[in-house]
Amino acid sequence: NAGVTQTPKFQVLKTGQSMTLQCAQDMNHEYMSWYRQDPGMGLRLIHYSVGAGITDQGEVPNGYNVSRSTTEDFPLRLLSAAPSQTSVYFCASSYSQPRIENEQYFGPGTRLTVT
Amino acid sequence: KNQVEQSPQSLIILEGKNCTLQCNYTVSPFSNLRWYKQDTGRGPVSLTIMTFSENTKSNGRYTATLDADTKQSSLHITASQLSDSASYICVVLGTHNDMRFGAGTRLTVKP
């Protein structure tokens with residue numbers, strides 16, 4: 001199994017540009033989520049999905065869109081990039097919701113810089 | 001104020017020594033508490049998951065403790081190795097899938 005994969009690994013955008021961060025998992029996990037990690041702060045949940053066709057907002061959803069058309073893929077779209085979105089983005093997946101004690105697997109991250 | 005506070009922010013120890021990392025939280029009620037290890041430039045990797053009723057859980061040289069009454073957890077690393085150099089993140093889950101991440105403790109193990 002490849003686990004959770006993310007592309008690209010690095011990205012530089014100009015303010016106002018849009019892009020999609022890709023995330024895929026091959027473990028047949030129902031629950032997938034996106035986080036951002038900023039210096040000195042804990043990871044913060046952006047959006048999550050409990051299964052194909054179902055998504056919901058996390059703690060910091062503004063400026064981001066998601067969709068879940070398949071179990072495997074959970075792309076994160078930045079609609080109009082802003083410097084405040086400079087961060088490291090992690091995708092994660094687990095068999096079920098995290099409040100049930102099942103392992104959550106994280107991807108390697110995408111480092112995004114918005115100038 | 002963050003609902004999960006970790007201390008110290010950073011720690012330097014010599015190879016072979018033990019250390020203990022602290023996590024205090026205010027999330028209530030909670031479903032479970034997790035410790036993750038995050039190597040530089042990588043995603044977090046799970047070390048332990050503890051439920052409300054568990055006091056201690058071990059994973060090799062890592063031992064996590066939980067005191068749900070005082071809302072404190074600790075991660076003890078025994079006989080540290082150079083490969084233990086990483087950030088260690090405490091995560092507390094509320095009952096509605098709201099995962100609250102601590103900012104982490106940056107551990108450096110020196111030879």
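Below, chains carry the letters A, B, ... as their sequence lines are ordered, and counting in each starts from 1. Predicted, not measured: the structure shown is a model, and the values here were computed from it.
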Please determine whether salt bridge (Lys or Arg N to Asp or Glu O under 4.0 Å) holds for the pair A:E103 and B:R34, giving the CA-CA distance in whole Å, both sets of side-chain angles, and the decisive distance to 0.1 Å.
CA-CA 10 Å; A:E103 293 286 350; B:R34 304 168 181 230; 5.6 Å; no
Inter-residue atom distance B:S87.OG - A:Q37.CD, 0.5 Å rounding
7.5 Å
Quick check on the hydrophobic clustering: are A:Y31 and A:L76 connected, directly or via other members, by side-chain heavy-atom contacts under 4.5 Å?
no
Tell me whether A:L13 shares a hydrophobic cluster with A:V88, the cluster being built from Ile, Leu, Val, Met, Phe, Trp, Tyr side chains joined at under 4.5 Å.
no
Does B:L93 reach the side chain of A:Q104, with side-chain heavy atoms less than 4.5 Å apart?
no
Largest heavy-atom contact set with chain A, pairs under 4.5 Å, which of B:G94, B:G41, B:G43, B:P44:
B:P44
Between B:R42 and A:F106, does the side chain to side chain contact (heavy atoms under 4.5 Å, CB included) criterion hold? Intermediate values first, please.
CA-CA 9 Å; B:R42 309 287 292 271; A:F106 284 81; over 6 Å; no
Closest non-hydrogen atom pair, B:A103 against A:G40:
CB-O, 3.6 Å
Find out whether B:F101 and A:M41 are in side-chain contact, i.e. whether some heavy atom of one side chain is under 4.5 Å from a heavy atom of the other.
no
Which portion of B:F30 sits near chain A, non-hydrogen atoms under 4.5 angstrom:
neither
So which part of B:R106 gets closer than 4.5 Å to some heavy atom of chain A, the side chain, the backbone, both or neither?
neither
A:I46 and A:V50: same hydrophobic cluster, using ILVMFWY side-chain contacts below 4.5 Å?
no
Chain A contact via B:Q9 - which portion, at a heavy-atom distance below 4.5 Å:
neither
Show your reasoning for whether side chain to side chain contact (heavy atoms under 4.5 Å, CB included) applies to B:V91 and A:L43.
CA-CA 9 Å; B:V91 185; A:L43 276 78; over 6 Å; no
Proximal component of A:Y48, with respect to chain B [non-hydrogen, under 4.5 Å]:
neither
Can you check side chain to side chain contact (heavy atoms under 4.5 Å, CB included) on A:R44 and B:M99, steps first, answer last?
CA-CA 8 Å; A:R44 290 180 293 169; B:M99 297 180 75; over 6 Å; no
State yes or no: do A:L112 and A:Y64 share one hydrophobic cluster built from I, L, V, M, F, W and Y residues joined by side-chain heavy-atom distances below 4.5 Å, directly or via other members?
yes
Under 4.5 Å between side-chain heavy atoms, counting indirect links through other Ile/Leu/Val/Met/Phe/Trp/Tyr residues: same cluster for A:V60 and A:M19 or not?
yes
